[in-house]
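Taking it in order: structure first as C-alpha cells, then the write-up.
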Amino acid sequence: MARIRCDQAAAWRRLQERHRTVGAGFDLCQAFVHDLKRAEAFSQDAPHVFADLSKNLIDAEVQGELFALARECGLEAYRDAMFAGERINNTEDRAVKHWLLRAPRDARDPDSVAVHETLDAMLSFAQRVRDDAAITDVVNIGIGGSDLGPQMAVAALESACIAGKRFHFVSNVDGHELAAVLQRLRPESTLFLVASKTFTTLETMTNARSAKAWFEQQGGRDIARHFAALTTNVEAARGFGIATTFGFWDWVGGRYSLWSAIGLPLAIAIGPEGFRELLAGAHAMDRHFREAPLERNLPARLGLLDVWYRNFHGFGSRSIAPYHSALRRLPAYLQQLEMESNGKGVDAQGQPLPFATSPVLWGEPGTNGQHAYFQMLHQGTERVPVEFIAVRQPAHDLPGHHALLLANALAQAQALMQGKADAGGHRHFGGNRPSTFFVLEALTPAALGALLALYEHRVFTSGALWGIDSFDQWGVELGKVLAGDLARRLENGDIEGLDASTAGLLSRLRGR
Ligand SMILES: O=P(O)(O)OC[C@H]1O[C@](O)(CO)[C@@H](O)[C@@H]1O
C-alpha cells in the first residue's frame, strides 16, 4: 500500500517551522497559565488507561499539525491494512496479526478459529498444570520475545499468581543462569517449557538441550509430562523429542507473542480466566486504536508525540518510570518492543533515512530510580522525556506506603516541569522537562493487557510515519553469524583473517 514518509509531507515542513519559531522555546509552566483547560485538553481516557499528556512540550497547534502529518502519511489506512491482514511486514512478506490473538472468535475466519482452538487447548493444559500439585516448578526456556513478555507479565501480576508453584525464566546462553535454576529443581516436580518461535535460536536450543540432559541424568522419566514446546516450528520440537506442543503462526512477531502460546507460563500462573482477561484488555485497546478518531486516539497521540520529540526536539532517549515494583521488567520488555521494532536506519524499501528513528528506552521502577539517575533527569545537560506509570489501588495492605509512592510520582513530574528558579548554581533546577503520566485503576490482567497493546500501537504509529517496517529485525542477524564462526575459532584457536583486536581477545579468552 502507498505510504508517504513523514519527511515528504507538507505538515513536516510546517512542524519544522513551528519548532524553529516557537517549539524550541516552549515554556510548560506558562502554557498552563495561558490555557486553564490545558490539563483536560491534553488528557485522554482509553480502555483501562488514563493518560495526562499535558506536561509535554506541545500545544494545540503542534498537535493539530501532528494529526495532519499522520493523515498525510496515511496512518489510518496503514493501520486498517494491518487489521485487514495485509502483508505489511514487507521485508519478510508476512501479515501482522498479533491483534487477532486477542480478538473474539470469528467463525468465518479460519485464522481466528485456529487461534481459539490453540488458546482453548493451551488454557486447558494450563489448568491441568495448576491442578497438578506434584508440579512445583515451571521453567520457561526462551529469549527475547519468548522470554520478556511472560517474564514481565508473571512479575506484574504476581499478586494474582498461583500459590505453591515457582516460575523461573532462563534466557541467557550463559550457563550460570540455567545452572543456578537447576540446582533448585527436582525432575519429578518440574515442567520445562521450551519457548521459541523458530525453535532454532542458539541460546534457547543450548539451554533446552542442557535441561533435557540434566532431566535424564537426574533419573527423570516421562519427557512428555515434563517438557512442552511453544513454537511455530512444531516439527522441530517433535524432532527434539517433545510431544506436547502449542503452536502459533508466522504472522505473530516474537516481540508481539505474549498473547499466543508464548503466554503459557502466565496462563499457568494466573489461570485461564486471568489470561482471557489479559486478552480482553488488549482487545479493548485494539478497538480504541482502530475506531477512535486520531484526536482522541491515545496510541496515535503518543506515537505522534514520539515523532515530535525525536525528529524536532532531537531527544535521543525516553525514560520509563513505573511506580509499581511489580512492573520491574516492563522497561526491558518495552526496550525490545520499541527498539527492535523501530531501531531501523532504512525505510521499508531499503532507502536510507535522513532522520532519526527509535529513541533509547530505559528505566527502573520508582522510587528506586529517584535515588540513582533522576539527578541527571533534573539537572543533566540532556532533556529526557519521562513516562510515569502509577496504579491507584495497591495489591497490599501495608498502611502508608502507597500514598508515599504516589506522592513521589506526582512530585517528580511536578519537579521536572516546574524546576526551582529562585536558587542559583548547584541548587538551580531549570525545569521545563517533559513527562507523561499514566494512571491505571489497579494492576489487573485486563489493565496490563491494555497497557501493553497501547505501547504496541504507539510503536506502530511512529514506525508508520517513519516509513519503516516495524516488524522485521534484520539487525540481529550479523552478530548471530559472527558468533557461530567465533564459537568454532574458540574451539580450534584459528585466528586467521580476524582483526587484531578480536584475534588478541580470542587468544586471551582461550587462555593460551
Ligand atoms: O522465539 P525465537 O525464535 O527463539 O526468537 C527469540 C528472539 O530472537 C529474535 O528473533 C531476535 O533477537 C527476537 O525477535 C525474538 O523474540
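- Relative orientation of the Phe240 and Phe199 rings is perpendicular, given thresholds of 30° and 60° on the angle between their planes.
- Of the possible donor and acceptor atoms, one in the side chain of Thr231 sits under 3.5 Å from a partner among the backbone N and O of Lys197.
- A distance of 6.0 Å or more separates the ring centres of Phe388 and Phe438.
- Side-chain contact check for Leu53 versus Ser43: every heavy-atom pair is 4.5 Å or farther apart.
- Of all the heavy atoms in Ser260 and Phe275, the pair that sits closest is O-CZ, 4.1 Å.
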Query raised in the report: Which is it for Gln151 and Asp147 under the side-chain hydrogen bond (donor to acceptor under 3.5 Å, both in side chains) test, yes or no, and what are the steps along the way?
Result: CA-CA 6 Å; Gln151 188 185 157; Asp147 164 69; 3.1 Å; yes

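- Side-chain contact between Tyr256 and Phe471 is present, with at least one heavy-atom pair separated by less than 4.5 Å.
- Asn297 and His457 share no donor-acceptor pair across their side chains, judged by distance under 3.5 Å alone.
- At a threshold of 4.5 Å between non-hydrogen side-chain atoms, the residues Leu452 and Leu330 count as touching.
- The minimum heavy-atom distance linking Asp306 with Arg458 is given by the pair OD2-NE, 2.7 Å.
- Contact annotation: the side chain of Asp137 approaches that of His168 to within less than 4.5 Å [non-hydrogen atoms, C-beta and beyond].
- Counting only N and O atoms by type, the side chains of Thr357 and Arg310 include no donor and acceptor under 3.5 Å apart.
- Under a 3.5 Å cut-off, the side chain of Asp347 and the backbone N or O of Ile468 do not form any donor-acceptor pair.
- Leu148 contributes atom CG, which lies 9.0 Å from atom OH of Tyr333 (distance to the nearest 0.5 angstrom).
- Relative orientation of the Trp308 and His313 rings is perpendicular, given thresholds of 30° and 60° on the angle between their planes.
- Between the side chains of Asn89 and Trp251, not a single donor N or O lies within less than 3.5 Å of an accepting N or O.
- Of all heavy-atom pairs between Thr200 and Met205, the closest is C-CG, 3.7 Å.
- Salt bridge Lys344/Asp472: present, at least one basic N to carboxylate O contact under 4.0 Å.
- For Arg301 and Glu295, the salt-bridge test fails: no basic side-chain N is under 4.0 Å from an acidic carboxylate O.
- Interatomic distance, CG of Leu258 versus CG of Leu101, reported as 10.0 Å (0.5 Å rounding).
- A centroid separation of less than 6.0 Å is found between the aromatic rings of Trp362 and Tyr373.
- Ring centroid separation for the pair Phe50 and Phe437 does not come in under the 6.0 Å cut-off.
- Within the 3.5 Å criterion, the main-chain N or O of His116 finds no donor-acceptor partner in the side chain of Arg105.
- Gln336 places a side-chain N or O within 3.5 Å of a backbone atom of Gly145 that can act as its donor or acceptor partner.
- For the pair Arg3 and Tyr78, the cation-pi criterion (under 6.0 Å, within 45° of the ring axis) is fulfilled.
- Between the side chain of Lys55 and the main chain of Asp52, no donor-acceptor pair closer than 3.5 Å is present.
- In this structure, the side chain of His324 does not engage the main chain of Pro365 through any donor-acceptor pair within 3.5 Å.
- Around CZ of Arg184, the count of heavy atoms belonging to other residues, nucleotides or ligands within 6.0 Å does not exceed 12.
- Using a 4.5 Å heavy-atom threshold, the side chains of Val384 and Met376 count as touching.
- Salt bridge absent: Glu273 and Arg276 never bring a charged side-chain N and a carboxylate O closer than 4.0 Å.
- In this structure, Asn207 and Ser171 approach most closely via the heavy-atom pair ND2-O, 3.6 Å.
- In this structure, CG in Leu298 is found 10.5 Å from CZ in Phe289, a value given to the nearest 0.5 Å.
- No more than 12 heavy atoms of other residues, nucleotides or ligands sit less than 6.0 Å from atom NE2 of His176.
- Inter-residue side-chain proximity for Val113 and Asp109 is flagged as unmet; no heavy-atom pair is nearer than 4.5 Å.
- None of Leu230, Val170, Leu264 except one satisfies the side-chain contact (heavy atoms from CB on, under 4.5 Å) rule with Asn140; the exception is Leu230.
- Heavy-atom neighbours of Asp131 CG from other residues, nucleotides or ligands within 6.0 Å: above the threshold of 12.
- Not one N or O on the side chain of Ser257 forms a donor-acceptor pair closer than 3.5 Å with the backbone of Val252.
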Requested in this report: Would you check, one step at a time, whether the test salt bridge (charged side-chain N to carboxylate O under 4.0 Å, His left out) holds for Glu364 with Arg328?
Outcome: CA-CA 6 Å; Glu364 280 286 319; Arg328 57 192 169 272; over 6 Å; no

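- Nearest heavy-atom pair, Ala156 versus Leu443, reported as atom, atom and distance to 0.1 Å: O-CD2, 3.3 Å.
- Looking at Asn56, its side chain never comes within 3.5 Å of a backbone N or O of Pro434 through a donor-acceptor pair.
- No side-chain heavy atom of Phe248 sits less than 4.5 Å from a side-chain heavy atom of Val234.
- In this structure, Glu72 does not pair ionically with Arg5, as no charged nitrogen and carboxylate oxygen lie closer than 4.0 Å.
- Distance alone, capped at 3.5 Å, is enough to place a donor-acceptor pair between the Asn342 side chain and the Val459 backbone.
- Shown here for Cys6 and Cys73, the closest heavy-atom pair between the two residues is CA-SG, 3.5 Å.
- Neither side chain, Asn172 nor Glu203, offers a donor N or O lying under 3.5 Å from an acceptor on the other.
- Taken from OG1 in Thr91 to CG in Asp469, the straight-line distance is 4.0 Å, to the nearest 0.5 Å.
- A cation-pi arrangement, defined by a distance under 6.0 Å to the six-membered ring centre and an angle within 45 degrees of its axis, is present between Arg38 and Phe42.
- Using a 4.0 Å cut-off between a side-chain N of Lys or Arg and a carboxylate O of Asp or Glu, Asp111 and Lys97 qualify as a salt bridge.
- Distance NE2/His378 to CZ/Arg433: 9.0 Å, rounded to 0.5 Å.
- Aromatic rings of Trp12 and Phe312 (six-membered ring for Trp) have centroids within the 6.0 Å cut-off, being under it.
- His402 places a side-chain N or O within donor-acceptor distance of the main-chain N or O of Val391, the cut-off being under 3.5 Å.
- Arg102 forms a cation-pi arrangement with Trp259, by the criterion of a distance under 6.0 Å to the ring centre and an angle within 45° of the ring axis.
- The side-chain heavy atoms of Leu361 and Pro331, taken from C-beta on, include no pair separated by under 4.5 Å.
- In this structure, the separation between CG on Leu451 and CG on Leu327 is 7.5 Å, given to the nearest 0.5 Å.
- Around atom CD of Glu441, more than 12 heavy atoms belonging to other residues, nucleotides or ligands sit under 6.0 Å away.
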